[in-house]
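Report on the following structure.
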Amino acid sequence: MSAVPAVQVRDLHVRAGGLTAVRGVSFTIPAGGRMGLVGESGSGKTLTALSLMGLLPVGLRAQGEILHDGVDVTKLSDAQLSRRRGRTLSMVFQDPLSALNPVRRVGHQIASVIRRHKGVGSNEAGQQALSLVQQMRLPRPERIMHAYPHELSGGQRQRVMIAMALACYPQLIIADEPTTALDVTVQKQVLRLLNEAVSERGCGLLMITHDLPIVAAMCETVAVMYAGRIVEMGPVSEVFTAPRHPYTRGLLDSQPTMDNIAIDGSSRLPSIPGMVPPLDGLPAGCAFHPRCPRADDRCRREAPMLDGGGRRAACWHPLEGTLTGTNAA
Amino acid sequence: MSADVVTRSSEPVLAACGVTQTYRLNRARLFEKRPVLTALDKVDFDVRPGEAVGLVGESGSGKSTLTRLLIGIEAPVSGVVTFEGEDVGRMTADRRHRFRRSVQMVLQDPRSSLDPRMRVGTALMEPLRSLRIEGDHRARVRTVLGQVGLDEQALEKYPHQFSGGQLQRIAIARALMPEPRVLVADEPVSALDVSIQAQVLNLLRDLVDELGLSLILIAHDLSVVAYTTSRVSVMASGRIVETGRPADLFSRPGAEATRNLVDAVLTVRDGIAGTALA
Amino acid sequence: MPQADTSNQNATVPEASPHRRRRRRISNASLLVGLALTSVFFIIALVSFFYVPHDPNMPDVRNRLLPFGSPGHLFGTDVLGRDIASQLMVGAQTSLLVGVGGAAIALVLGTIAGLAAASSGKLVDETIMRGADVLLSIPGIVTALVLAATIGSGAGTTILALTAFFTPSFTRVIRSAALTVLEENYITAARLYGRDRIFILARHVVPNIAGVMIVQFTLYFAVGILVESSLSYLGVGVSRPSMSWGLILNEAQQQVGVSSPLAMWPGLAIVLVVLGLNLLGDGLRDVLDPKLNGRRS
Amino acid sequence: MLLHYVLRRLAFFIGAMFIASVLIFVLIRAAGGNVAAVVLGRDASPEAINALATEYGLDRPWAVQYLDWITGMMGGDLGQSFRTGESVADLVVSRLPISVPLAGAGLVLAILIAIPAGTYAARNAGRSSGTLIALISQIGIAVPVFWAGVLLSLLFGVQLGWLPTGGWTPWNVSVLGAIQSLVLPVLALGLVMAASLSRYVRTAVLDVMNQDYVRTARATGMSQTRALLTVGLPNAALPIVTFLGLLIAELIGGTVIIETVFSLPGLSRMILSNVAAREVIVVQSTVMLIIVFVMFVNLVVDLLYGLLDPRIRVAG
């Protein structure tokens, strides 16, 4: 792998009319690197992902710089982008049933991605598609190739989606909540598969999720988003053991885990009070201050920026020390 | 809630005894009999006064069917569902009314749980009006709002003016209005934001403690159920395959389905240790 | 281009995106134009009950085939000297009566059938919907012809034919709208606290599908006007002394031939009114659509 | 399975035809009263009415008459006209060379205009070009088909004198003449139907373009236009085909009207004159024929749907 990053995002804004949904997001995923982008609904994580793909819904505009494959994605025409989508940059969506074309056989859908980008004939593309399906450890690959999406299970469909995303050895795969729509017992299998496939190919991974354990299992670095901004960023092992932003801390604390259960009803799950502010009603200063136990006047007035260093947080009163609770090692 | 209801007794307040439920499916082939799906196969399940029990399983394991039987909107093909020891299917109108009032439910998607064209105040009064419960309705509304942590301004508003977490509180408030003995919560937090889930789970636990409510919590996530309840039943292919204390289920899962569910739980700690996907 | 539909994304895209604003602007425009055209039509039809410049059936041999703009006869006269403006005004009455009549009766019947189908068991549902399918395969004009052949033509027959033609469509639309509402959690909750089917349909389902009902009524009102004028044009709708825009065209063509300028006015009247109602319906659809309004206000 | 689906559709087709035939039969007997009296008019003597009733078997029980009618229909015997004694089947067949090309060409024209126009309007929704198309089809929907016919003959017939404003030159007299007399009617019918069809196509395409699988196609490198044509349209075909089935009823109505506007002696002119003359048997049989035709088209549409949508093939 070369030293060129899989993607480098600088000061990304996504605007819709008078409102700004993503407010100055910057991050870099090195070649073969894996980053988790964590946030709740409305935090702007999915819009960030769609900006990278150049697939924002009509009416939304991305501003800033997204360097990928030696070019600024935001400056490319749709045709130029189309040549990269699925080849150097691909995406796995949340709901695999609605994301696959219902009237085409699965094999055809995978093969058409290969044909489009590799310029091979349909026989060759079919062969490659079959071998991809085999690599996805799908049972009876020939039958899967001839099946329609509705004939497969949820986990099988998501494997097919991953096969399509991997077909051309992209530099970066964006996975947007890839297991949320699946049955719990299947989630881990799919994550394992994605993990291996990404490792084997040395692809970069951007994992979009609200689920912290998934990020911990899959990623090296994590960026936590709140109300359109990254509030904390750094190596997973550090952010999740010694969070500096009170929001990250709150998220980690409020996960019910096996360790809480030993207490069996005697303690309360720590929770973040209040609710996520709507985009058109963002509080002044730090957007998190109304829910923050450490907030003071400065937090209400001035919005903090991400500080420097490898462990960055956007907070006037960052936490120190490691978590002593039961949630992290 | 009056004191006599809270009295702990070993008699289950709501129970399913040997219930079986089948559905007819569409034919797959022309000249075959319509296949029958056995959604529930001789299932026993109960909840005692003031107890919080959990029901977990993958989709298709039969937990939704069991829920529908327990709340009485479906009747089993065999077996009985009993409320306070009495067969729900053979109740007198009087007892049936008491059953209706005493078993209430909170559903998954809070946005869909409230009629968008009905003010929250009206929606909260609905159970009292429908069940013709006498008394000071306004006072009851104030009490319940306090219990779920909402203020009275909410009453004049419409559902679209609230966030998901607030709507789930309102839905819980409505379920509490007729002073039920049993609250059935079907995936009450899976549609909510992570930072809100803990709030709602805590609220459910407090209600059990403070009101002596019985809670049946249905979820696919073992850790959510385990945190809130003291006894968990695991379902797989229409049967309850294992029942036990959450901590025991986690540490010594007996049935394969339980093991699968325990294995499926991801934690931050395992993730950082690099063992999550091993 | 895909529209700003973000229902499958976690991001809450603000409703005021430019595309939505544009769509909002267009639907506001169609609402206004539609409302204006429809109001003019209603006013003319209502005024004609009390006042028309001339008796539309009164021949006047001295003033035959007067051109547009003649004093006292703004839209001219026909081959027998009858005032066109008055005929147009009285024709509006028929359009209003038949259009509203057909759409309203069908709406009532379709709502009953649709709600029954949506809220009953599979057998009732299948019976009603297959019945609707059968009726839908009978072209409306064929029904009208059969009725005209048997019970004779007239406004009543036309309304009856429209009812038979519209009811199955209404039934389908109402049923599918009601099914969507019936799947909501608040319906389950209402059943749990003891509300019966009639209450749930009346208090929860109908208010939530009222928008659909209003829009459909408007659109079928327009179709009713088209069908009525067509039947009168064919000579199996209303006939004198009643008046219809289709009938004016029919007479103009029969008496003067295809080149008659008289053919313009009734045709234009139909286009404007039908266009007005359709624009109104579309505008209302967008205004009443909660998806476009954004759920958080 | 597919066979199951086909058989179910066939069963519905047969059942629907039975119900429709009973409906028509009963409607005509019940609403029309004494058929013989209706035919002969108010001044007829009771003896004449009875004689006619006996001659045509109208004095037999309804069930017998119904069976007689249906078995006749199946054997191609559609009954006779009271007045002229002509065979209804012959009458119908003699009119088909006018009505069938008119309706067929009108439908084809409508499809040829509507699918590209609707797709274009959907592709450019939110831009002026798309809005313009949408507005044109909105106006087109408001135009009654007879007025479209009148306007076209005013323009091309009267003003420009290019084409006949009405009347019919039979095929065996002059093929060119027959085509010439059909051009304006087909145009009027096709344009008006294209308006509502294109609007429907626009909605269907817009709907499909918002689906996740179109986004997937784009995310794997398909251009906007390619995704529209290779993913969007095949999926939009399902609702469009359904709508085409419903449009057949509108097509029949339009044909009836257009034949009148252009004085074409087609099937509908025959029905209209028989309606006026209260020839109930002729009306009853021809109407039934039309319904059978519409139901048959809908059957074909349903089967086509089953072929197009793999989900139906399995679900049955």
Side-chain angles (χ1 to χ4, degrees), chain C residues 1-3 5 8 18-19 22-23 26 30 130-131 133-151 153 165 169 222 225-227 229-230 233-236 245-246 249-250 252-253 257-259 263-264 266-268 270-279 282, chain D residues 12 15-16 19-20 23-24 27-28 30-33 38 123-127 131 138-139 141-147 150-151 153-154 157-158 165-166 206 209-210 212 214-215 224 246 248-250 252-253 256-257 260-261 271-272 274-276 278-280 283-284 287 290-291 294-295 298:
Chain C
M1 290 295 265
Q3 289 174 316
D5 182 332
N8 289 317
H19 186 72
R22 177 168 189 135
R23 172 121 190 240
I26 290 172
S30 59
R130 293 295 83 80
D133 284 349
V134 173
L135 284 179
L136 271 180
S137 340
I138 305 179
I141 205 145
V142 168
T143 315
L145 290 177
V146 171
L147 290 176
T150 50
I151 60 176
S153 56
F165 180 40
S169 309
I225 291 176
L226 279 177
V227 174
S229 63
S230 300
Y233 173 79
L234 291 178
V236 288
W245 292 338
L249 244 167
N250 171 307
Q253 225 192 334
V258 80
S259 62
M264 293 308 292
L268 209 56
I270 295 167
V271 171
L272 288 177
V273 174
V274 172
L275 181 66
L277 282 167
N278 282 338
L279 289 175
D282 279 2
Chain D
F12 172 71
I19 294 171
L23 219 60
I24 297 281
L27 195 65
I28 285 189
V38 168
R123 172 79 173 75
N124 295 295
R127 295 187 204 142
T131 311
Q138 183 71 277
I139 293 173
I141 291 170
V143 174
V145 67
F146 57 89
W147 199 53
V150 169
L151 289 185
S153 56
L154 269 177
V158 181
T165 59
L206 264 183
M209 292 308 280
N210 277 326
D212 282 1
V214 173
R215 190 173 60 179
Q224 177 98 44
L246 293 173
I248 296 300
E250 195 185 319
I252 302 244
V256 169
I257 295 163
T260 307
V261 175
I271 301 174
L272 275 176
N274 281 299
V275 167
R278 303 218 154 183
E279 282 265 17
V280 281
V283 173
Q284 176 180 300
V287 160
I290 290 176
I291 292 172
V294 175
M295 285 181 172
N298 278 300

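Below, each value reflects all heavy atoms present in this structure, side chains not excepted, and no hydrogens, waters or symmetry copies. In what follows, chains are A, B, ... by sequence order, proteins preceding strands, each numbered from 1.
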Start with the C-alpha gap between D/Leu154 and C/Met264, add the side-chain angles, then the distance that decides, and say whether side-chain contact (heavy atoms from CB on, under 4.5 Å) holds. CA-CA 10 Å; D/Leu154 269 177; C/Met264 293 308 292; 4.3 Å; yes
Please evaluate residues D/Val283 and C/Leu145 with respect to the criterion side-chain contact (heavy atoms from CB on, under 4.5 Å), reporting the C-alpha separation (whole Å), side-chain torsions for both, the decisive distance (0.1 Å), and the verdict. CA-CA 8 Å; D/Val283 173; C/Leu145 290 177; 5.7 Å; no
side-chain contact (heavy atoms from CB on, under 4.5 Å) evaluation trace for D/Val294 with C/Ile138: CA-CA 7 Å; D/Val294 175; C/Ile138 305 179; over 6 Å; no
Run the side-chain contact (heavy atoms from CB on, under 4.5 Å) test on C/Asp282 and D/Gln138 for me, step by step, so that the C-alpha distance in whole Å, both residues' side-chain angles and the decisive distance to 0.1 Å come before the verdict. CA-CA 10 Å; C/Asp282 279 2; D/Gln138 183 71 277; 2.9 Å; yes
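With a threshold of 4.5 angstrom between heavy atoms, D/Ile290 approaches chain C through side-chain atoms but not through N, CA, C or O. Using a 4.5 Å cut-off between heavy atoms, D/Leu272 touches chain C through its side chain atoms alone. In this structure, no portion of C/Ala222 lies under 4.5 Å from any heavy atom of chain D. With a threshold of 4.5 angstrom between heavy atoms, D/Ile248 does not approach chain C through any atom at all. Using a 4.5 Å cut-off between heavy atoms, C/Leu272 does not touch chain D at all. Looking at D/Val145, neither its backbone nor its side chain comes within 4.5 Å of chain C, counting heavy atoms on both sides.
Here the side chains of C/Ile141 and D/Ile257 are in contact, with some heavy-atom distance below 4.5 Å. Considering only heavy atoms from C-beta on, C/Leu234 stays 4.5 Å or farther from D/Phe146 through its side chain. Put simply, the side chain of D/Met295 reaches to within 4.5 Å of the side chain of C/Val134, judged on heavy atoms.
When all heavy atoms of C/Ser137 and D/Asn298 are compared, the pair lying nearest together is CB-ND2, 4.3 Å. Pairing each heavy atom of D/Leu27 with each of C/Val146, the nearest pair is CD2-CG1, 3.7 Å.
For the side-chain contact (heavy atoms from CB on, under 4.5 Å) with D/Trp147, the qualifying choice from C/Leu226, C/Ile270, C/Leu249 is C/Leu249, the only one to do so.
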